[in-house]
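All figures in this text were calculated on a predicted structure; none of them were measured in a lab. Atoms within each ligand, like the ligands themselves, are counted from 1 in listed order.
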Amino acid sequence: MNYENIILDVNDGIALLTFNRPKALNALNDALLTELSQALDIIGSREDIRVLVLTGSGDKAFIAGADISELATFNALQGRIFAKKGHDVIGKLQALSIPVIGAVNGFALGGGSEMALACDFIYASENAKFGLPEITLGIIPGFGGTQRLTKLVGKNIAKEMIFTGKMLSAAEAQAIGMVNKVTTPEALMDDVMKTAKSIAAKGRVSLRAAKYAVNAAQDVDITTGCAIEIEAFALCLASEDSKEGTKAFLEKRKAEFNGTYTR
Ligand code: CO8
């Protein structure tokens, strides 16, 4: 499929999706969100894709937010429709059953931080900047930032970031738990791909079950979460991968997971 605002490459089970509007620092316009939604449908339906990595084109930005030139023309109803579209697409990203890594290579502001927050985890380059500066535009985060940031870092830190609109360095974002690892810009993609390859070599069923159970921890009480974990654990035992993983250990060799859902 040909895209104008994103680039999708798949190699060895790893999909690399690059936001590609470098002249606008990869800002999210309506057309980009439509293409992203289509690409996520394709990624979600392809059994050969084990991990998704998101990054921005150029060396300056991951995503500098929603496209302000588009935003400036919206009335309240158009704003509602656009916010809903962003929520639907970012919700689709979060709901992917495969692991998603955000490779944040520069500005991740507004909708850019909100996109990154829907990834399973984030690696960032030293020049990355995170923030929800919407308040400086007289609006508030509209692609899930008030919710996902608050759940991740707690309400007081989220409120300070949202009320002030201030930017955080990659190191500051790591200190509050938004970022797992900070690297040099040159090392970012190598580091992300190394982790992506390590994950892609694991069992597909157990990865899916692990993501499902950890995501549940965000939304349900501990009793329900533990019940979900028990069922997800049991499901793993119905996979070829669990047979291969335990057999390989006992035979003192590396497991070769074939990723099948069936037994
Ligand atoms: N939208 C559109 N264009 C942008 C955006 C953006 N978010 N960010 C940068 N650009 C464009 C600039 O206009 C400029 O274009 P041109 O060269 O044609 O003048 C080009 O990218 C380069 O940008 P700068 O010259 O500004 O580069 P600097 O290095 O000086 O500054 C910054 C970089 C700090 C990132 C600066 O560009 C900036 O502050 N950008 C805006 C950041 C921002 O406020 N983001 C939040 C947007 S609102 C949002 O995300 C809401 C999400 C929910 C929406 C819900 C919908 C209803």
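- The aromatic rings of F82 and F74 are tilted relative to each other, their planes meeting at an angle between 30° and 60°.
- For S37 and K85, the side-chain atoms include no donor-acceptor pair closer than 3.5 Å.
- Look at E114 and you'll find a heavy atom under 4.0 Å from some atom of ligand 1.
- Residue contacts with ligand 1 include A24, since one of its heavy atoms falls under 4.0 Å from the ligand.
- Heavy atoms of K60 come nearer than 4.0 angstrom to ligand 1 in at least one pair.
- Residue R80 places no heavy atom under 4.0 Å from ligand 1.
- Judged as a side chain to side chain donor-acceptor pair (under 3.5 Å), and not counting sequence neighbours, K60 has no contacts.
- Short contacts between ligand 1 and G142, defined as distances under 4.0 Å to a heavy atom of the residue, involve ligand atoms 53 (C), 55 (C).
- A donor-acceptor pair under 3.5 Å links the side-chain atoms of E244 to the main chain of E256, judged by distance alone.
- For atom 42 (C) of ligand 1, the candidate residues are G145, A64, A83, A66; the nearest heavy-atom contact is made by A64.
- T136 does not count as a contact of ligand 1, since none of its heavy atoms falls under 4.0 Å from the ligand.
- The nearest heavy-atom contact from the protein to atom 23 (O) of ligand 1 is L25 CD1, 3.6 Å.
- Looking at ligand 1, you'll find an N or O of G111 within less than 3.5 Å of one of its N or O atoms.
- Near L109, the atoms of ligand 1 lying under 4.0 angstrom from a non-hydrogen atom of the residue are 35 (C), 42 (C).
- Using modelled atom types and a 3.5 Å distance limit, the side chains of S57 and N20 yield a donor-acceptor pair.
- With sequence neighbours excluded, the residues forming a side chain to side chain contact (heavy atoms under 4.5 Å, CB included) with D221 are T223, T224, listed by chain and number.
- Considering CG of L36 and CG of L17, their distance stands at 6.0 Å, rounded to 0.5 Å.
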